[in-house]
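One structure below.
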Amino acid sequence: AGLFENQRSRYTRPQLLDQLKTLAKKLGRTPGCPDVNAACRNGDCARSSTFIAYFGSYNRAVLEAGLEIARHATYSRAQLLHLLRELAKRLGRSPSNRDINSASRRHECASASAYKDYFGGLDAAFKEVGLERAPNKLPPRSPPKYTRSQLQEHLKKLGAKLGRRPTANDVAAASRRGECASLTSISKEFGTLTAALQATGFDLESRVMTRDALIKQLQELTRELGRIPSTTDITRVQGKPSRMSRSIRSTPATFKRFFGSAAEARKAAGLDEILEEMGIAPKYPAPRNKYDRDQLILHLCSLAKSLGRMPVVGDIRKASRDGRGPGLAQYARQFGGIPAAREAAKIEAVLRQVRKVRK
């Protein structure tokens with residue numbers, strides 16, 4: 001999110017370590033996070049969050065600076081009261097338990113339990129600094145948007161529209177269209193979507209998949225298509241019931257998990273025999289081309305030239321669907337993602353050259 005971008009660019013690693021050493025020499029001990037934050041307010045040091053962002057944790061920074069880690073953070077009475085007063089000043093009100101513990105996690109204050117241990121309770125600490133205790137009661141929860149019966153009615157209507165038991169994807173899509181409550185609302189009321197469907201009266205078939213069930217799915221899909229299904233065909237019908245049975249079809253990943261690959265699943269299902277019985281010559285889908293790093297770079301440059309702009313994920317996905325190039329997965333395997341691939345292909349330089357030629 002770039003939260004620490006400014007902090008990282010402001011200091012170098014040696015500068016941060018020197019700041020810790022200087023502060024330790026000044027205090028005569030290893031500084032803790034409150035010490036660092038106090039020094040930061042005086043302009044003598046970076047904030048503790050900067051050290052955490054740069055080194056991974058504050059203790060790692062302490063170790064790299066050659067200092068001993070302070071195993072137990074101890075506060076004097078005056079320090080505890082000062083930290084509480086400063087927190088109230090930053091908030092503009094009396095802090096609650098949650099405020100104090102949040103500030104403690106940011107190393108800006110002691111924890112609420114530290115105040116209870118030292119003063120016997122937060123009320124006594126608040127009285128010492130002249131603050132009124134903030135109420136810790138949470139606001140009452142708003143009533144649920146839908147009743148249990150309304151949620152069940154939504155699921156019944158969705159099931160009637162689909163002609164089958166709704167899946168999680170069906171519910172999410174219907175919720176976006178404003179036809180059904182969200183999965184979150186349903187889960188809050190029933191615990192899970194499965195429990196909601198069961199309470200609504202849907203027939204829940206066993207979802208434990210077997211090799212035989214997967215083979216049956218492939219055979220039924222072959223009869224419907226009149227050809228041997230490709231991975232794209234399997235993806236297109238996943239989550240939908242077969243025309244010949246009410247069983248929900250599986251994803252390509254399920255076939256890969258059980259058989260090792262879609263090709264092995266097709267062999268196990270004997271799809272060529274089914275097509276021969278139908279009087280159709282079997283024709284297996286052509287395997288996808290595998291691209292090496294240089295070929296992917298060439299394809300990305302070619303795509304940028306044809307578009308006249310920086311290719312985005314949608315452009316690559318569309319080209320792959322049209323059979324004009326590799327899919328996103330191949331870029332992810334070779335480069336870790338599209339941004340890294342664009343950088344490796346020097347797309348900006350390619351586009352500058354294209355604009356220069358066009359001029």
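Starting from 1, each residue takes its place in the sequence as its number.
Scanning both residues, Leu197 and Pro166, for their nearest heavy atoms gives CD1-O, 3.6 Å. Leu16 and Ala46 make their closest contact through CD2-CB, 3.7 Å (heavy atoms, listed as atom of the first residue, atom of the second, distance). In this structure, Ile215 and Ala268 approach most closely via the heavy-atom pair CD1-O, 3.9 Å. Minimum interatomic distance between Ala181 and Leu151 (heavy atoms only, all atoms of both residues): CB-CD2, 3.3 Å. For the residue pair His299 and Ala319, the shortest heavy atom distance occurs at NE2-CB, 4.4 Å. What you find for Ala304 and Ile347 is that their closest heavy atoms are CB-CG2, 3.9 Å.
Residues satisfying the side chain to side chain donor-acceptor pair (under 3.5 Å) criterion with Arg227, sequence neighbours excluded, are Asp233. Residues satisfying the side chain to side chain donor-acceptor pair (under 3.5 Å) criterion with Glu179, sequence neighbours excluded, are Lys161, Arg177. Listed by chain and residue number, Arg105, Ser111, Ala112 satisfy the side chain to side chain contact (heavy atoms under 4.5 Å, CB included) test with Asn101 (two or more places apart in sequence, or in another chain). Partners of Ala103 according to the side chain to side chain contact (heavy atoms under 4.5 Å, CB included) rule, which considers only residues two or more places apart in sequence or in another chain, are Leu87, Arg106, Glu108, Cys109.
Side-chain N or O atoms of Asp315 include one that pairs as donor or acceptor with a backbone N or O of Val312 at under 3.5 Å. A donor-acceptor pair under 3.5 Å links the side-chain atoms of Gln295 to the main chain of Asp292, judged by distance alone. Between the Arg266 side chain and the Pro229 main chain, a donor and an acceptor come within less than 3.5 Å of each other. Judged by distance alone, the side chain of Ser175 and the main-chain N or O of Val171 form no donor-acceptor pair under 3.5 Å. A donor-acceptor pair is defined here as one N or O able to donate and one able to accept, closer than 3.5 Å; no such pair exists between the side chain of Gln330 and the backbone of Leu296. When atom types are taken as modelled, the side chain of Asp99 and the backbone of Ser96 share a donor-acceptor pair closer than 3.5 angstrom. Under a 3.5 Å cut-off, the side chain of Tyr115 and the backbone N or O of Leu80 do form a donor-acceptor pair. Listed for the Arg47 side chain is no donor-acceptor partner under 3.5 Å among the backbone atoms of Cys40. A donor-acceptor pair under 3.5 Å is absent between the side-chain atoms of Ser320 and the main chain of Ile316, judged by distance alone. Gln15 places a side-chain N or O within 3.5 Å of a backbone atom of Thr12 that can act as its donor or acceptor partner.
Taking 4.5 Å as the limit, every side-chain heavy atom of Phe190 sits out of range of all side-chain heavy atoms of Gln198. Counting heavy atoms from C-beta on, the side chains of Leu271 and Pro282 never come closer than 4.5 Å. Taking the side chain as every heavy atom from C-beta outward, Val36 and Leu20 approach each other to under 4.5 Å. Using a 4.5 Å cut-off on side-chain heavy atoms (C-beta onward), Leu221 and Glu224 make contact. Side chains of Ile297 and Phe335 form a contact here, defined as non-hydrogen atoms less than 4.5 Å apart. Side-chain contact check for Ile280 versus Ile274: every heavy-atom pair is 4.5 Å or farther apart. Within the 4.5 Å cutoff, the side chain of Asp44 has no heavy atoms near those of the Leu23 side chain.
Under 4.0 Å is where a charged nitrogen must lie from a carboxylate oxygen, and between Glu220 and Arg223 no such pair does.
Of the inter-residue distances, the one linking Thr210 atom OG1 with Lys216 atom NZ reads 10.0 Å to the nearest 0.5 angstrom. Note that the SG atom of Cys180 and the CD atom of Glu153 stand 11.0 Å from one another [nearest 0.5 Å]. In this structure, CG on Leu155 lies 6.0 Å from CZ on Phe202, to the nearest 0.5 angstrom. Between the CD1 atom in Ile100 and the CG atom in Leu122 there is a gap of 4.5 Å [rounded to 0.5 Å]. Atoms CZ and CD, on Arg85 and Glu128 in that order, are 9.5 Å from each other to the nearest 0.5 Å. Taking CG of Leu63 as the reference point, atom CG of Leu67 lies at 8.5 Å (rounded to 0.5 Å).
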Might you work through the side chain to side chain donor-acceptor pair (under 3.5 Å) test for Thr147 and Ser149, ending with a clear yes or no?
-> CA-CA 5 Å; Thr147 64; Ser149 58; 3.2 Å; yes
Chi angles and distances behind the side chain to side chain contact (heavy atoms under 4.5 Å, CB included) call for Thr30, Asp35 = CA-CA 9 Å; Thr30 300; Asp35 300 317; over 6 Å; no
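Sorted by first and then second residue, the salt bridge (Lys or Arg N to Asp or Glu O under 4.0 Å) pairs involving residues 334-345 (not counting sequence neighbours) form an empty list. Applying the salt bridge (Lys or Arg N to Asp or Glu O under 4.0 Å) test to every pair with at least one member in residues 275-285, sequence neighbours left out, gives no pairs at all.
Classification of the His154-Tyr146 ring pair by plane angle, with boundaries at 30° and 60°, yields perpendicular.
At most 12 heavy atoms of other shown residues, nucleotides or ligands fall within 6.0 angstrom of atom CD in Glu348.
Linking ILVMFWY side-chain heavy atoms closer than 4.5 Å, directly or via other members, places Leu303 and Leu298 in two distinct hydrophobic clusters.
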